[in-house]
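Let me begin by presenting the structure, written as C-alpha cells, before commenting on it.
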Number of protein chains: 2
Amino acid sequence: MQSAYGWPVTERRSGEGQPERTLALLWRNHRKPTADGTRPTVLRGRGAGRRPSLDVNGVVAAGIRLADTQGLAAASMGGVAKELNVGTMTLYTYVPSKEELLDLMVDQVLGERELPGPGAPRPDDWRDQVEMYSDQTRRMFQRHPWLSQVSTIRPPVGPGMLAGREYLLSALLEIGLTPRGTNLAALAITTYVDSAAGLEAESELIEQSTGQTNDAWWYERNDLWETYFDVDQHPAMTTIWNANGYQGTTREAATESYRYGLDRLLDGIQATVLES
Amino acid sequence: MQSAYGWPVTERRSGEGQPERTLALLWRNHRKPTADGTRPTVLRGRGAGRRPSLDVNGVVAAGIRLADTQGLAAASMGGVAKELNVGTMTLYTYVPSKEELLDLMVDQVLGERELPGPGAPRPDDWRDQVEMYSDQTRRMFQRHPWLSQVSTIRPPVGPGMLAGREYLLSALLEIGLTPRGTNLAALAITTYVDSAAGLEAESELIEQSTGQTNDAWWYERNDLWETYFDVDQHPAMTTIWNANGYQGTTREAATESYRYGLDRLLDGIQATVLES
DNA sequence: ACCAATTTCCGTAGGGTATACGAGAATTGT
DNA sequence: ACAATTCTCGTATACCCTACGGAAATTGGT
C-alpha cells in the first residue's frame, strides 16, 4: 500500500490535512544529513510495482514552463498532463493536488534567486545587500510573472522561501537593530519589494497577454477626461497634470516609483539606526 | 435595438473592447453637470418594452454582499443571480460580463472610504492626512477582504478610485515636492499601503475560511524545524529565533510591521523635503 | 514459468465556472 | 389588436478539479 514517497495511494487528497507530506515534497531535494553523515534519499521505483514514467521535479518544471509561456491558467492539471503526454489523473500519483503543485512551483522559483548563502561573498554595505535581494526578486517576477497571482499568506515552507528570508535577515542583522526590529524591517521590505516587483511584472504580463500596452489602454479611456472627469472635484490631479507630473510612459513611472519607494524605505530604516 | 443604458443587447460581451460602456457604468451615479446646469440621468424603463426587475446598483450590491460573507468565489454569476432570485443570464442585461461586475464592485468599495474631498476639513499635518488614507484603506480591506484577490494593474477608472488618488495627491502636494516627485511618492505609498493592508486582510480571510489560525497552521508544520531545517544554512533566522525576535502571534507581527514600514517610508519621504 | 503483491496509469463521472444563442414574456404606443 | 421594443432565462459548450476503481506493468518468491 505504500506508494511513491511512502504515502498510501488512497490518501492522495488535498494537502490541507497533510502538512507532513507537503513538507516532504517541498524538501525532496534538500534532506538534512543524518547522524552517520549520509543524506537520506527518497527512492522511487525500488521493489515491486510498475515503473514511474515521471518524477516530481519534471511535473513541477512542466508547470512552471507552461505558466511562464502561456500564463498561470495554462498550468492546469489537464494542461500539465498534456505537456507531459500522460493522462490527467496520472499527475495525482506525484502530487496530491493542484494546490500542492502550485506550492512546489513557487518554492522552486523562489529558490532560483541567486542569493549568497551563509559564508559566501556578498556586498559590503547592507543597503547593497538589500538591493541585491530586490534585484533578484524583481528578476524572478519578470521571469515568472504568474507569481504575482499567487497568494503568499501561507507560503510554501520550502528551501527556496527559507533561503530568501535567511538572506534578507542576515543583511539586516549587521546594522544593529534589535532582533525584533530586524524582523519588522525584513517584513516591511519584503512587503514592499514583493508587491512592487509583482505589480511591475503583472503589468508586463497583461500587456503581453492582451497585446495592448498600458498606455494604449489608458488612451482608449480618453472619454473619461472629456465626459466624466470633473476638474473641480480633482484639483490635485489637475495641478499635477498641468505641471507635467504624469510625463513618461506607465512603465517608466512604475520603474521609477519602485526605486523611489525602496530608497525612501531604506532611508527611513537607516535613520532609526543613526539616531541611537 | 437600444437596450438599457443605450447599448445594443447583441453587443453585451466583454468590456475589453468597449471601454465607453464600462466607463458609463462606472460613472452611472456621477454624471457631470451639463452646460445648462442639470445633471443628465440615464433612464431605464422609459418607452416600450418589458420593465426591468433589477438595477445595476442592486446587482453590484449583491455581488459585494456575497463576496463579503462567503468569499469572492461565491460572487459568481450564478451565485449573484440566485441571491437576486433571477436566472443567471438575466444579469447580462445589466452588466456585460463578470469582469465588468468585478470592476463595479471594486470601484464601489473604493468609493466608500471616508476621505475628505477638496475644500472639506482635514488634518493639518500631511502625515496625519496620509495616515487617514492608510486607516481608511485598511478598514476597506478588512470589510472587503476579497479585494486582495483582485488585480489592480488596470484598475476600474471610476469615481471611487479617482477620489482616493485625488485625496492622497492633495495631501502630498503641500509638502513641496516636485510635481513628478509628488506622483512618485503617491505611487510608492499606495503600493505599500494597498499591499500591506491587503496582506493583513487576506490573512484574516484565510483564518476564517479555513477555520484555522495562522499560528495553528505554523504549528502543524513543526516537523519543519525538527526534520528539515538546517541550522548551519540559516544562522540569521536561528539568531533571531534565539533572541525571541519572532515573539508574538503572526497577526501582531503583521500589524506591527505594517506600522513600522509605513512610518519608515514617510520618514524617508519627509527627509527628502528637509534636505532642500 | 507462474503468481501474488505492489505500484503506476488513466477513463469516466460529477459538480463547479463563464457565456453565446435564441425563444418567449412583458410592456408601450399606434 | 398588433408591431416594436426590452427584459428574462433555459440550453448548450467548453473549460476546471478530482473521487473512484479497474487495467497495466513490474517485482520477488516459489
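Bear in mind that the values here come from a model prediction, so they are computed numbers and not experimental data. Every chain is numbered from 1 and lettered A, B, ... according to where its sequence line falls, protein lines coming before strand lines. The figures that follow rest on heavy atoms only: side chains count, while hydrogens, waters and symmetry mates do not.
No donor-acceptor distance shorter than 3.5 angstrom exists from the side chain of B:Tyr192 to the backbone of A:Ala196, with no hydrogens or angles considered. Although no hydrogens or angles enter the test, the distance criterion places no donor-acceptor pair under 3.5 Å between the side chain of B:Arg154 and the main chain of B:Thr152. Put simply, the side chain of B:Trp27 gets close to the backbone of B:Val157: a donor and an acceptor are under 3.5 Å apart. Panel note: side chain B:Thr227, backbone B:Leu224; no donor-acceptor pair is recorded below 3.5 Å.
Distances shown here put every side-chain N or O of A:Tyr92 at or beyond 4.0 Å from the OP1 or OP2 atom of D:dC17. A close approach under 4.0 Å does occur between a side-chain nitrogen or oxygen of A:Thr90 and OP1 or OP2 of C:dC10. Put simply, A:Thr93 has no side-chain N or O that comes within less than 4.0 Å of OP1 or OP2 on C:dT7.
Counting non-hydrogen atoms of other residues, nucleotides and ligands closer than 6.0 Å to CZ of A:Arg138 gives a total above 12. Dense packing is recorded around CZ of B:Arg113, with more than 12 heavy atoms of other residues, nucleotides or ligands lying under 6.0 Å away.
Taking both residues in full, the closest heavy atoms of B:Gln136 and B:Glu114 are given as OE1-N, 2.9 Å, listed atom of the first, atom of the second, then distance. B:Ala62 and B:Val80 make their closest contact through CB-CG1, 4.1 Å (heavy atoms, listed as atom of the first residue, atom of the second, distance).
Salt-bridge formation is detected for the pair A:Arg251/A:Glu207: a Lys NZ or Arg NE/NH1/NH2 atom is positioned less than 4.0 Å from an Asp or Glu carboxylate oxygen.
As rounded to whole Å, 18 Å separates atom P of D:dT6 from atom CG of B:Asp55. One atom, OH of B:Tyr94, and another, P of D:dT6, lie 13 Å apart when rounded to the nearest Å. Summarising the geometry, the separation between CG on A:Leu91 and P on C:dC10 is reported as 10 Å, rounded to the nearest angstrom. C:dT17 atom P lies 15 Å from atom CG of B:Leu102, rounded to whole Å. To the nearest angstrom, P of D:dT18 lies 8 Å from CD of A:Glu99. Distance B:Glu100 CD to C:dA18 P: 14 Å, rounded to the nearest Å.
Within 4.0 Å (heavy atoms only), A:Thr88 reaches at least one base atom of the nucleic acid.
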Do any N or O atoms of the protein come closer than 3.5 Å to N or O atoms of nucleotides 12-16 of chain D, and which pairs are they?
{"from": "D:dC16", "atom 1": "OP1", "to": "A:Ser76", "atom 2": "OG", "distance (Å)": "3.0"}

Might you list the N or O atoms of the protein lying below 3.5 Å from N or O atoms in nucleotides 23-27 of chain C, with each pair's distance?
{"from": "C:dT27", "atom 1": "O2", "to": "B:Gly49", "atom 2": "N", "distance (Å)": "3.2"}

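Relative to the side chain of A:Met89, the nucleotides D:dT18, D:dT8, C:dC21 differ in distance, and D:dT18 lies closest.
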